[in-house]
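Single-structure report; data block below.
Nothing here was measured: the structure is a model prediction, and the numbers come from that model.
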Number of protein chains: 4
Amino acid sequence: MASRGINKVILIGNLGQDPEVRYMPGGNAVTSITLATSETWRDKQTGEAKERTEWHRVVFMGMLAEVAGKHLKKGSQVYAEGKLRTRKWQDQSGQERYTTEVLVDSFTGVMQMLGGNGGGKQQGASCQPRPTPQPAQSPANNEPPIDYDDDLPF
Amino acid sequence: MASRGINKVILIGNLGQDPEVRYMPGGNAVTSITLATSETWRDKQTGEAKERTEWHRVVFMGMLAEVAGKHLKKGSQVYAEGKLRTRKWQDQSGQERYTTEVLVDSFTGVMQMLGGNGGGKQQGASCQPRPTPQPAQSPANNEPPIDYDDDLPF
Amino acid sequence: MASRGINKVILIGNLGQDPEVRYMPGGNAVTSITLATSETWRDKQTGEAKERTEWHRVVFMGMLAEVAGKHLKKGSQVYAEGKLRTRKWQDQSGQERYTTEVLVDSFTGVMQMLGGNGGGKQQGASCQPRPTPQPAQSPANNEPPIDYDDDLPF
Amino acid sequence: MASRGINKVILIGNLGQDPEVRYMPGGNAVTSITLATSETWRDKQTGEAKERTEWHRVVFMGMLAEVAGKHLKKGSQVYAEGKLRTRKWQDQSGQERYTTEVLVDSFTGVMQMLGGNGGGKQQGASCQPRPTPQPAQSPANNEPPIDYDDDLPF
DNA sequence: TTTT
DNA sequence: TTTT
């Protein structure tokens, strides 16, 4: 409803892999992607070209989760606008861990496919067989589980 | 020098504690703050007012580190514009951990104190004794160590 | 509903005068403010300190128009997030003119008063008599008239 | 050098025509483009699909002016980050006019071509003859003249 | 893991 | 841990 402060993230990057779509108990989709942004620069001493790639975990909720799951794929270029969200979870040994994500909900977030649809999935035929979509399942061992309670502002 | 993609974070929030200033071997300051942003909303079922506070770790480099260390204090309201950066580090047991920060360097980042200096430190006299500034020292146990190599684009 | 492209403006500045609130035929409020942002720099040749102030015309629609009209005043510091909008109008001599505004609607825009309420109107008593709020009236000669048709996306 | 306030514009759009490159007396390039962003929505009463296109005048200075002039063309999709700037000029009849532009300078601005270079000019051969680049010349009658004095912060 |  |  209201807010104090501004929490805004704007990313343009390419997907490192196909989106993962999961479904909440209530039936709502939640789609996660990893997005690469990179910086290149020239080393002051050696003059060498350098590059650093940053990987972002972006989570779409609501209607945008459906759209992202349907239209994005590995390599797609996308604009995502959302907010930072750090989730606490426990690893196998019971230790507290934190994961920071960019949350893009359908009320305050924005998602746009870039590049004249060259970045998105083909509408008609697909050139290559792609892995079947991820069904709702337990997360892999090293990955923070998603356990959104019902009680969130979006 | 160049880049592929956009990696931008815009925050307005209040400092949870006084800034921590550290000095790199080369003498450059690095200042860290924790910034709170909050959202409030009304629960759809119960109608209760809810609030969620998000805490952001923001790291200033270069000239902005000096300014932030000198002029910000616990409770200050600040605008920070930077980029996401996830650092890998090892905890006591040797396990890999990741911490995501908002990096505000003096070339591409922005820092502004808000609120007509009401948010910043008083120029003349200080009302309350404040803890002495953090000297360069080993980080606390649970905190990711900062170990920036020399090789970064800022 | 959907969009192609991104059109986003983020401003933090101080109001040059009290907000102007007008009411549309349907009863909706539209509030306009002028917001100053400034840059300072040092002249490369002379070494003199320079300053340039930019004035922005910002228009709030919907619920934010009510809030802005009620809580902002001359001198308030405010965060406004909206989109660019250029309106065509005709001056007295019938010539086409264009005015570019930052439109902040209640669906995609954001408004936040900054500075620990020091920037907003006092809740209780007002220190100084302020001019009575602008009633719906014909715009001054040199000012572009607002004539929003009913047909807009917000 | 310093600043009070934030003045930031973020656009993603397509060029309506090829860029116009001009050269200042000192030899620096200034490149102007017009960028379209569009919104689509459904009319609440009639249910009709509606679309509104907004045209933005974007001006690149410094190194980015060179890059924009060389690599962008009509139809290119581009990310531009800059600041609002309203210039005063006089029309033929001596009347004061104002034009608002998005100024993207090479210190604080950002420009990125989007769409896997599909949006930019081809490197090797050009498919179609394109109009020769605009030499430095007097502006068209209805267009605001560019007359930057030497005295600006970028 | 992407993209150039 | 901030702020309202």
Side-chain angles (χ1 to χ4, degrees), chain A residues 1-7 11-20 32-41 49-58 72-80 86 113-115 118-120 130-131 140 142-143, chain B residues 1-7 11-20 32-41 49-58 72-80 86 113-115 118-120 131 140 142-143, chain C residues 71 79 112-120 123, chain D residues 67 71 79 112-120 123:
Chain A
M1 202 185 179
S3 285
R4 177 148 183 96
I6 297 293
N7 174 359
L11 299 174
I12 295 177
N14 297 278
L15 278 76
Q17 24 190 163
D18 285 334
E20 270 177 62
S32 301
I33 62 171
T34 52
L35 214 55
T37 58
S38 69
E39 285 182 290
T40 62
W41 70 100
K50 296 274 193 173
E51 174 164 13
R52 179 185 158 89
T53 296
E54 190 71 40
W55 288 97
H56 309 274
R57 188 176 170 88
V58 180
L72 297 178
K73 66 169 202 286
K74 180 174 173 174
S76 298
Q77 191 183 32
V78 72
Y79 171 94
T86 298
M113 293 161 52
L114 300 175
R130 296 195 310 107
N142 276 334
E143 222 181 279
Chain B
M1 202 184 180
S3 285
R4 177 146 183 99
I6 297 293
N7 174 0
L11 299 174
I12 294 177
N14 297 278
L15 277 76
Q17 26 190 162
D18 285 334
E20 270 178 60
S32 301
I33 61 172
T34 52
L35 214 55
T37 59
S38 69
E39 285 182 289
T40 61
W41 70 100
K50 297 272 193 174
E51 176 164 10
R52 177 184 157 90
T53 295
E54 190 71 40
W55 287 97
H56 309 274
R57 188 177 171 87
V58 179
L72 298 178
K73 67 167 201 288
K74 180 174 174 172
S76 298
Q77 191 182 33
V78 72
Y79 171 94
T86 298
M113 294 162 51
L114 300 175
N142 277 334
E143 221 181 281
Chain C
H71 294 295
Y79 171 94
Q112 292 241 337
M113 294 162 51
L114 301 175
N117 215 19
Q123 295 295 61
Chain D
V67 178
H71 294 295
Y79 171 94
Q112 291 242 337
M113 294 161 52
L114 301 175
N117 215 20
Q123 295 293 64

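- A straight line from CD of E39(B) to P of dT4(F) spans 18 Å, rounded to a whole angstrom.
- As rounded to whole Å, 4 Å separates atom C1' of dT1(F) from atom CH2 of W55(B).
- Within the 3.5 Å criterion, the main-chain N or O of G5(B) finds a donor-acceptor partner in the side chain of Q112(D).
- One interatomic measurement links the two molecules: CG of D18(B) to P of dT2(F), which rounds to 12 Å at whole-angstrom precision.
- Applying the side chain to side chain donor-acceptor pair (under 3.5 Å) criterion to Q17(B), with sequence neighbours excluded, gives no partner residue.
- Of the listed nucleotides (dT1(E), dT1(F), dT2(F)), dT2(F) has the atom at the smallest distance from the side chain of A36(B).
- Among dT1(E), dT3(E), dT2(F), the nucleotide with an atom closest to any side-chain atom of Q17(A) is dT1(E).
- Atom CZ in R4(B) sits roughly 9 Å away from atom C1' in dT2(E) (whole-Å rounding).
- For D18(B) (side chain) and K73(B) (main-chain N/O), no donor-acceptor pair under 3.5 Å exists by modelled atom type.
- Residues passing the side chain to side chain contact (heavy atoms under 4.5 Å, CB included) test with N7(B) are L11(A), T37(A), E54(A), H56(A), K83(B), L84(B), sequence neighbours excluded.
- Distance, N14(A) CG to dT2(E) P: 10 Å, rounded to whole Å.
- Counting to the nearest Å, the C1' atom of dT3(F) and the NE2 atom of H56(B) are 13 Å from each other.
- For the pair I12(A) CD1 and dT2(E) C1', the computed distance is 15 Å after rounding to whole Å.
- Taking atom CD on E20(B) and atom P on dT1(F), their separation rounds to 15 Å, with Å as the unit.
- Remark: the T53(A) side chain and the dT2(E) base include a donor-acceptor N/O pair separated by less than 3.5 Å.
- Side-chain proximity of E51(A) to dT1(F), dT4(E), dT3(F): nearest is dT4(E).
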